[in-house]
Amino acid sequence: MKKSSILIALLGVVIGLLIAVLIGKIGDRHKLRVHANDWRKIELVLQSIDENYVDSVDHEKINDAMAAAALSALDPHSTYMPPQVLQETEADLHGNFDGIGIQFNVPNDTAVVIEVIPGGPSEKIGLQAGDRLLKVDSTVIAGVHFPQDSIVRRIKGEAGSKVLVTVKRGHEIIPFEITRGKIPTYSVDAAFMVSDTTGYLRLAKFSRTTEAEFLQNTAELVDLGMKELIIDLRDNVGGYLDQACRLSNLFLPRKAMIVYIEGRHRRREEFRADGRGPFQDLALKVLVDEGSASASEILSGALQDNGRARLYGRRTFGKGLVQEPFFFSDNSGMRITVARYYTPSGRCIQKPYSDDYDYEVLRRYDSGEMVHADSMRIEKGGILPDVFVPIDTTRAGQFYLACSRKATAMRFASAFFDTHSRELSRIDDYDSLLGWLDRADLERQFLAFAKSKDGLVPRPEEWVTDRQYIMTQVQALVGRYSKLGDKAYYHLFLQIDPTFKAAMEF
C-alpha cells in the first residue's frame, strides 16, 4: 500500500515536470524577440494574427486601424486618411469637387437651398435659392431627420453621372434630373467696400485658387477707390503653405522674410518676398481669432513681424506644423508632420501638445483669455494680436440663447423668403437691399414667428438687450437669399461685429 502510494506520487512529479517543460516550450515558441528601435513588432503582430486568430480577418480594416493608431501616437495633426476622406480633402483644397453646385442649410427638418453656384449644373437646369429638397433619387430626405452630411454624400458624385433631385417650390413639386459636374469652391467668401476708401475681404481657406481669387477681388476693390484693406482670417483653418507665402508676397518688399521652416529631417528653409507684389503701398488690417490656424497664422505673422499690418482680435489657434502628404496605391494617404513654422522674428507658431490638446481652445474660456488681454502668453503658441478684442458676453440674453438653440432666426428667414422670393431674388445692390429690409417689417414678423412656432416671447428688458443683435442676424439671413448672397450676409453682420468695429476705429 505504501509502495503504490510512493509510485503514484513519483509519477505525479514526473508528469508535472513534463507539463512544465511542455509549457516552457510553448512559451518559448510564442516569445517573439524585438528591439525597441525597429518596426518588427508591427510585422510580427500582423503575421501572428494571420497564423493564429480564431476567425477570418479583414486585412484592409486591420491595416487602416494600425496606420491610424501609429500616426495618432506622433502628434495631434499627423493623420491617416482612408480613400474617401483623402478624396474629399484633396478636392476641397484643390478648389473644386464633383457635385450639382448648391449650398443649403437645414433650418428645421428640410434642406433649403441658400445659393445656387453660378455656372454650375443646378443653375443651368433651373434650381433656385429657397427650393426645399424633398428627395434625392428615390430617397426621401425631408421631414425624416435625415443627417446633413448624408444628404451631401447622396448629392455628390462623379462628374457626368446623373442624380434626380425633387424639390418643393411654393406649392409645386418639381423633379430635376441633374448631370453632376466640376463645382468650383471659393476661398474668398465676400469682398466689398465698407467706406469710401476701406475694403473688406473675408478669406475662408488657402486652396490652390486662393492667390488668383484674392488678386481679382482686391484689384476690383482698388478700382472702387480702396486705400486700406481689412483681411478677415477668423475661423480660417489654413491650407497650402505656398498660397500663404504668395499672399504675403503681394504686400512685402524684396527680401522680406515671410516664414521659415525647420525639422529634424528638414534643414532650415526660408521663404522671402521677391518685391514684385502689387499691393506694397496698400494699408492693411487683419482680423484673427482662436479659429485662425496654420496658413492663416503664417500670413498674419509675416505681415505683423514686417510691420505691414496691425492685427485685431484674439490669439490664433497655434497650429505651426509642416505636414507632408504621402499617398498609397490603394488611394489612401497620410499627412506626417516634418517640420515647424517660425515667423520672421523667430516665434514658433505651434502651441504645446497636451493630453487635452483638442480642447485647448475651450480652456481659454476657463482661464479668462477670451475676455482679458493680460491672459495671453506668447509661449502658449499662436499669433498674438496688436489690438485685443474680447468676446462680448453681455449681449446674449436668455431669449437670444433660446432662439439659437431652436435655430429660430434661420427658420424664420427661410419661411420669410417663401412669401417674398420674387422681390428678394431681384435685388442685386446693397443699398437697395437695406432699403427693402427697412420696409419689410421684419421685427414684428419675427417676434410673431418665434411666439407661434417656438413659444418664445422676450421680456421687455430682454428685448432691449437682444434686439439689435438678433434683428441684425435676421436681416443678414434674409439678405442672403438675395442675389448678393454671402456679400449681403457678411456686410450686414459686420454692423454687430466688435472686432471689425475696433479695426475701423483705429
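The structure presented is a predicted model; accordingly, all values stated were derived computationally and were not measured.
- Note on Arg254 versus Asp274: no salt bridge recorded, every NZ/NE/NH1/NH2 to OD/OE distance being 4.0 Å or above.
- Looking only at atom types and distance, the side chain of Arg347 has a donor-acceptor partner in the side chain of Gln304 under 3.5 Å away.
- Using a 4.5 Å heavy-atom cutoff, the side chains of Ile155 and Phe104 are in contact.
- Counting heavy atoms from C-beta on, the side chains of Tyr240 and Arg208 come closer than 4.5 Å.
- In this model, no donor atom of one side chain and acceptor atom of the other lie less than 3.5 Å apart for Asn236 and Ser292.
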Side chain to side chain donor-acceptor pair (under 3.5 Å) evaluation trace for Asp232 with Tyr200: CA-CA 7 Å; Asp232 193 344; Tyr200 169 89; 2.6 Å; yes

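- Heavy atoms of other residues, nucleotides or ligands lying less than 6.0 angstrom from CG of Asp281 number 12 at most.
- A salt bridge is defined here as a Lys NZ or Arg NE, NH1 or NH2 lying under 4.0 Å from an Asp or Glu carboxylate O, and Glu369 with Arg377 fails to meet this definition.
- Defined by atom type and a distance below 3.5 Å, a donor-acceptor pair is present between the side-chain atoms of Tyr357 and His77.
- For the pair Ile261/Val322, a side-chain contact is recorded, criterion being any heavy-atom separation below 4.5 Å from C-beta on.
- The existence of a salt bridge linking Arg246 and Asp242 is confirmed by a sub-4.0 Å separation between a basic side-chain nitrogen and an acidic carboxylate oxygen.
- With hydrogens and angles left out, the side-chain atoms of Ser367 and Ser375 include no donor and acceptor closer than 3.5 Å.
- Between Tyr342 and Tyr260, the angle of the ring planes stays under 30°, which puts this pair in the parallel group of the 30/60° scheme.
- Under the 4.5 Å side-chain criterion, counting only non-hydrogen atoms from C-beta, Asn331 is not in contact with Leu86.
- No side-chain heavy atom of Pro76 sits less than 4.5 Å from a side-chain heavy atom of Lys319.
- Counting only heavy atoms from C-beta outward, the side chains of Tyr312 and Ile230 never approach each other to under 4.5 Å.
- Within the 4.5 Å cutoff, the side chain of Met193 has no heavy atoms near those of the Asp196 side chain.
- Here Phe412 and Phe446 bring their ring centres to under 6.0 angstrom of each other.
- Look at Arg268 and Glu270 and you find a salt bridge, because one of the NZ, NE, NH1 or NH2 atoms lies within 4.0 Å of a carboxylate O, short of that distance.
- For Phe192 and Tyr430, the ring centers are positioned 6.0 Å apart or more.
- Side chain of Asp289 to main chain of Arg314: no donor-acceptor pair is present (N/O by atom type, distance under 3.5 Å, no hydrogens or angles).
- Using modelled atom types and a 3.5 Å distance limit, the side chains of Glu297 and Thr316 yield a donor-acceptor pair.
- Remark: the Ser150 side chain and the Arg153 side chain contain an N/O donor-acceptor pair separated by less than 3.5 Å.
- Between Leu384 and Leu311, the closest side-chain pair of non-hydrogen atoms is not below 4.5 Å.
- Using modelled atom types and a 3.5 Å distance limit, the side chains of Arg180 and Ser161 yield a donor-acceptor pair.
- Ring geometry for Phe399 against Trp463 counts as perpendicular: the plane angle is over 60°, on a 0 to 90° scale with 30° as the lower cut.
- A donor-acceptor pair shorter than 3.5 Å can be found between the side chains of Tyr80 and Asp64.
- Using a 4.0 Å cut-off between charged nitrogen and carboxylate oxygen, Glu360 and Arg315 count as a salt-bridge pair.
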